[in-house]
Amino acid sequence: MADINRFTRAGATRARAVVHGGRVYTVATSPVKSASMEVQTRAALEQLDLHLAEAGSHKSRLLTVTVYITDMACKPDMNRAWDAWVDIGNPPQRACIGAMLEGDDLIELVAVAAVLED
Amino acid sequence: MADINRFTRAGATRARAVVHGGRVYTVATSPVKSASMEVQTRAALEQLDLHLAEAGSHKSRLLTVTVYITDMACKPDMNRAWDAWVDIGNPPQRACIGAMLEGDDLIELVAVAAVLED
Amino acid sequence: MADINRFTRAGATRARAVVHGGRVYTVATSPVKSASMEVQTRAALEQLDLHLAEAGSHKSRLLTVTVYITDMACKPDMNRAWDAWVDIGNPPQRACIGAMLEGDDLIELVAVAAVLED
């Protein structure tokens, strides 16, 4: 059995999630290209939930998340969505970095989580 | 016993360090919001030392560090503090990225380290 | 035997690759400071290949890659080089982030890969 499990579309040149050695590496953006940071953050976090579930993990198992946002002035809006979403008993280490993203993306999440235990 | 160990304040929505599977994920900024990149770097590295110690690791066990700085023109100042601090026999892989950070932060460090062996 | 294997020049304050627990952490930029994003991406990916080989891994074992580029308008050029290079049966999770880089660098790659199995 392969020791690396990749979640990807046929023919794609990148994967939305990769599992190896008990950890999942994943990325998420908002499918909704709203002009609101809070709306995009909520949608990106829902996307992250889907990727984690598909790969056998859950937000309660997150280890580290890097949050890239295009406008640091909107960090409070991102935080509001994050604080409502996070598993308060199991918060990951997080860094929030201001960067340029593609097209109308306002936020991109890059995460590492432990897979669920048997 | 939980397989994930989180170092965080009560009620916080993120952790300063998370340990899983022999590795610690951590982040550090400078508690001193000095206008000097070198001063902030020194203080952020001291903060990183504290987080690593608390989580059962040490700078000699660092695997990878991403250094985000707000002004690439100040990279030599960051490097000066880094070079004085790093365990010269055990340097991590490092990337230095120019990005926007919160408030008066000039530098943010995101690191993965191996925990100390028994 | 040390449980961390560092690939670095004597006296250097950072490593080009670090291996621990079956994974390699590495970074690559283009040795050629061309003004073309596609040319720099090709050269940075070749550099990544070298670092992975040296550390006992291969692009088919990549787990996650963060691609930092200085101009998001050039992302299609980066993608062209990436798509030609990637192991299509084994794509990693990838994030592409717009950021400032040093000097004439247009691209920097930060990657984690599984080492080759015995």
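Throughout, a chain's letter reflects where its sequence line sits, starting with A, and its residues are numbered from 1. Only this structure's heavy atoms are used, side chains among them; waters, hydrogens and symmetry mates stay out.
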**Message:** So for B:Ala12, is it side chain, backbone, both, or neither that comes closer than 4.5 Å to the heavy atoms of chain A?
**Reply:** backbone
**Request:** Let me know if A:Val65 has heavy atoms under 4.5 Å from chain B in its side chain, its backbone, both or neither.
**Result:** neither
**Asked** Mind checking whether A:Gln93 and B:Val110 have side chains closer than 4.5 Å, heavy atoms only?
**Response** yes
**Request:** With a 4.5 angstrom heavy-atom cut-off, could you sort out which part of B:Ile4 is near chain A: side chain, backbone, both or neither?
**Result:** side chain
**Fill in**
Of the listed A:Gly21, A:Ala114, A:Pro91, A:Pro92, the one with the largest count of heavy-atom pairs under 4.5 Å with chain B is A:Pro91
**Item:** Heavy-atom side-chain contact between B:His20 and A:Thr64 under 4.5 Å
**Value:** no
**Message:** Heavy-atom cut-off 4.5 Å, strictly under: side chain, backbone, both or neither for A:Ile69 against chain B?
**Reply:** neither
**Item:** Gap separating the OG1 atom of B:Thr70 from the CE atom of A:Met72, nearest 0.5 angstrom
**Value:** 10.5 Å
**Item:** Heavy-atom pair of closest approach, residues B:Tyr68 and A:Thr66
**Value:** OH-CG2, 4.1 Å
**Request:** May I have the step-by-step check of side-chain contact (heavy atoms from CB on, under 4.5 Å) for A:Arg61 and B:Asp3, ending in yes or no?
**Result:** CA-CA 10 Å; A:Arg61 305 280 292 164; B:Asp3 68 331; 2.8 Å; yes
**Complete:** One option among A:Asn90, A:Asn79, A:Asp87, A:Asp83 has the most heavy-atom pairs under 4.5 Å with chain B, and it is A:Asn90
**Message:** With a 4.5 angstrom heavy-atom cut-off, is it the side chain or the backbone of B:Arg6 that approaches chain A, or both, or neither?
**Reply:** side chain
**Asked** Roughly how far apart are A:Leu63 CG and B:Tyr25 OH, rounded to 0.5 Å?
**Response** 5.5 Å
**Request:** Measure B:Thr8 against the heavy atoms of chain A and call it side chain, backbone, both or neither at under 4.5 Å.
**Result:** side chain
**Asked** If you tally heavy-atom pairs under 4.5 Å against chain B, which of A:Ile97, A:Val86, A:Ile88 wins?
**Response** A:Ile97
**Complete:** Heavy atoms of A:Ala95 and B:Val27 approach each other most closely as CB-CG2, 4.1 Å
**Prompt:** Which bit of A:Asp71 is near chain B, if near means a heavy-atom gap under 4.5 Å: side chain, backbone, both or neither?
**Reply:** neither
**Prompt:** chain A heavy atoms under 4.5 Å from B:Glu108: which part of the residue, side chain, backbone, both or neither?
**Reply:** side chain
**Prompt:** Is there side-chain contact between B:Arg23 and A:Arg23, with at least one heavy-atom pair below 4.5 Å?
**Reply:** yes
